[in-house]
Number of protein chains: 2
Amino acid sequence: MDGTTAIRDPERTREALKTAAREVFAEYGFEGAKTREIGARAELNKAMINYHFGGKQGLFTEVLLEDIREARSRLSRGVASTGSSTEKLAAFVEALGRLSEERPLFLKILSRELIDAGRHLELQVEEEFFGFFGLVQEVLDRGIESGEFRLVDPHATHISLVGGLVWFALTAPLRERLAREGRLPAPSPTWSSYVEHYRELILTGLAPSASDS
Amino acid sequence: MDGTTAIRDPERTREALKTAAREVFAEYGFEGAKTREIGARAELNKAMINYHFGGKQGLFTEVLLEDIREARSRLSRGVASTGSSTEKLAAFVEALGRLSEERPLFLKILSRELIDAGRHLELQVEEEFFGFFGLVQEVLDRGIESGEFRLVDPHATHISLVGGLVWFALTAPLRERLAREGRLPAPSPTWSSYVEHYRELILTGLAPSASDS
DNA sequence: CCGTATTAACTAACCGGTTGGATAGTATCT
DNA sequence: AGATACTATCCAACCGGTTAGTTAATACGG
């Protein structure tokens with residue numbers, strides 16, 4: 001009765017399904033993901049998806065809500081670091097880099113949803129997701145106001161800021177495959193080296209020129 | 001028999017199928033795209049896909065080969081512009097921006113393939129696609145060598161360079177939907193304003209500091 | 001404690017509907 | 001007439017979801 005030998009453990013079952021779902025949804029997308037495959041990877045009957053989550057959509061929603069909340073909490077911590085706007089932005093890039101590296105499945109799922117305009121996102125997930133947008137905006141606004149950054153469009157800058165890192169993450173699978181097959185002329189950058197490069201590129205790009213007020 | 005009134009026109013049929021395929025593949029991905037839907041949009045029997053292209057995969061490959069070749073030719077023209085490395089890079093950003101704006105379906109299809117490491121790309125398409133990578137590399141290498149750019153990792157810079165623009169394109173559908181529903185706090189940047197912003201961000205970010213050799 | 005009724009967790013089999021592709025027959029070219 | 005282009009129909013495989021039935025965990029009266 002120590003719990004580890006329990007044959008039936010609904011909590012463990014739910015976690016196993018969610019873990020399998022993250023893999024399969026990331027690999028095949030919502031429509032492409034087969035409930036049979038999720039069930040098989042979790043070593044459970046696919047009917048358990050309906051039993052515990054109300055269906056494929058329910059499982060998808062549950063997994064995304066969990067991941068979005070974790071991501072927001074991690075990124076918030078990055079932005080909330082004390083210091084100048086420059087330091088805050090650097091901390092955010094670091095946090096987003098680490099998140100992209102450690103949660104590639106989440107990033108894949110989210111990217112797929114972005115491509116098809118969030119077709120499979122329920123309202124609740126959408127609302128939760130929009131919380132991301134406010135995170136960086138304030139740092140940029142304040143940095144521009146204080147003169148630490150050039151006078152750039154904060155909205156556009158926000159897109160650029162996230163774009164490079166996400167793109168690095170999205171192309172990672174292909175680059176890894178090519179590297180494995182020896183078809184890459186030069187070695188691909190590591191995560192840490194890329195994040196470092198990106199932080200410098202962005203911060204240099206945002207720095208005011210010498211002649212600015 | 002001037003051709004425009006022809007009831008049967010295999011060339012027109014092939015084009016109609018490819019046009020419909022671009023829409024459907026971009027919207028639903030390779031697996032999600034239904035041959036019935038493609039046939040319906042082209043106002044043709046779905047058996048024509050098999051007849052003219054040998055199947056779903058054949059049509060997909062055909063469409064991608066065509067689009068990749070067009071994209072490469074357009075981007076090559078951008079890079080080949082005369083002038084300094086800075087001007088060449090600026091021209092490339094412009095060209096990529098215009099391409100992303102004018103060929104959103106192509107970009108969607110390609111992004112989906114990147115996410116799943118090119119699972120549906122036949123070898124021929126892959127080879128054709130890799131040609132992209134070399135395009136910017138040389139401009140960056142020469143710009144660094146000549147001292148126009150900082151001493152950055154060209155591979156990483158390449159990823160950053162493409163990332164922002166592609167991310168802008170990928171999030172466009174969602175941003176458009178949100179704007180339509182009035183759920184966006186601030187208006188989203190237009191294509192031209194974003195490209196302009198991005199060009200400046202990158203070129204500023206790559207510029208050597210005053211103290212550099 | 002202890003048998004037993006009740007509930008919760010789980011499985012195997014099945015369902016209507018849809019998929020990409022094949023095939024047979026028809027129309028329209030040269 | 002013979003090749004080419006096209007349609008209507010069919011098919012095996014597969015999809016997500018449901019269902020009836022089984023077993024493990026739990027509540028409870030004695």
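Quick caveat, the model's predicted, so the values are computed rather than measured. Letters A, B, ... are given to chains in the order of the sequence lines, protein chains preceding strands, and every chain is numbered from 1.
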In whole Å, what is the span from the [atom1] atom of [X] to the [atom2] atom of [N]?
X	N	atom1	atom2	result
R36(B)	dT7(D)	CZ	P	15 Å
F30(A)	dC15(D)	CZ	C1'	12 Å
M48(B)	dT23(C)	CE	P	15 Å
E11(B)	dA5(D)	CD	C1'	13 Å
K46(A)	dG16(D)	NZ	P	7 Å

Side-chain donor/acceptor contact of K56(A) with base of dG17(D) under 3.5 Å: no
base_contact_polar (dA8(D) base, N45(B) side chain, donor-acceptor, <3.5 Å):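 Side chain to base: pair found, below 3.5 Å.
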N/O (side chain, [X]) to phosphate O (OP1/OP2, [N]) under 4.0 Å:
X	N	result
Y51(A)	dC10(C)	no
H52(B)	dT4(D)	no
N50(A)	dG16(D)	no
T13(B)	dA5(D)	no

Stepwise side-chain hydrogen bond (donor to acceptor under 3.5 Å, both in side chains) test for H52(B) and T13(B): CA-CA 9 Å; H52(B) 284 290; T13(B) 296; 4.9 Å; no
pair E128(B)-E122(B): side-chain heavy atoms closer than 4.5 Å: no
Between F132(B) and F129(B), ring centroids under 6.0 Å: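 Between F129(B) and F132(B), which both carry aromatic rings, the centre distance is below 6.0 Å.
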Modelled atom types, side-chain donor and acceptor of T61(A) and Q57(A), under 3.5 Å: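 On atom types as modelled, these side chains qualify, holding a pair under 3.5 Å.
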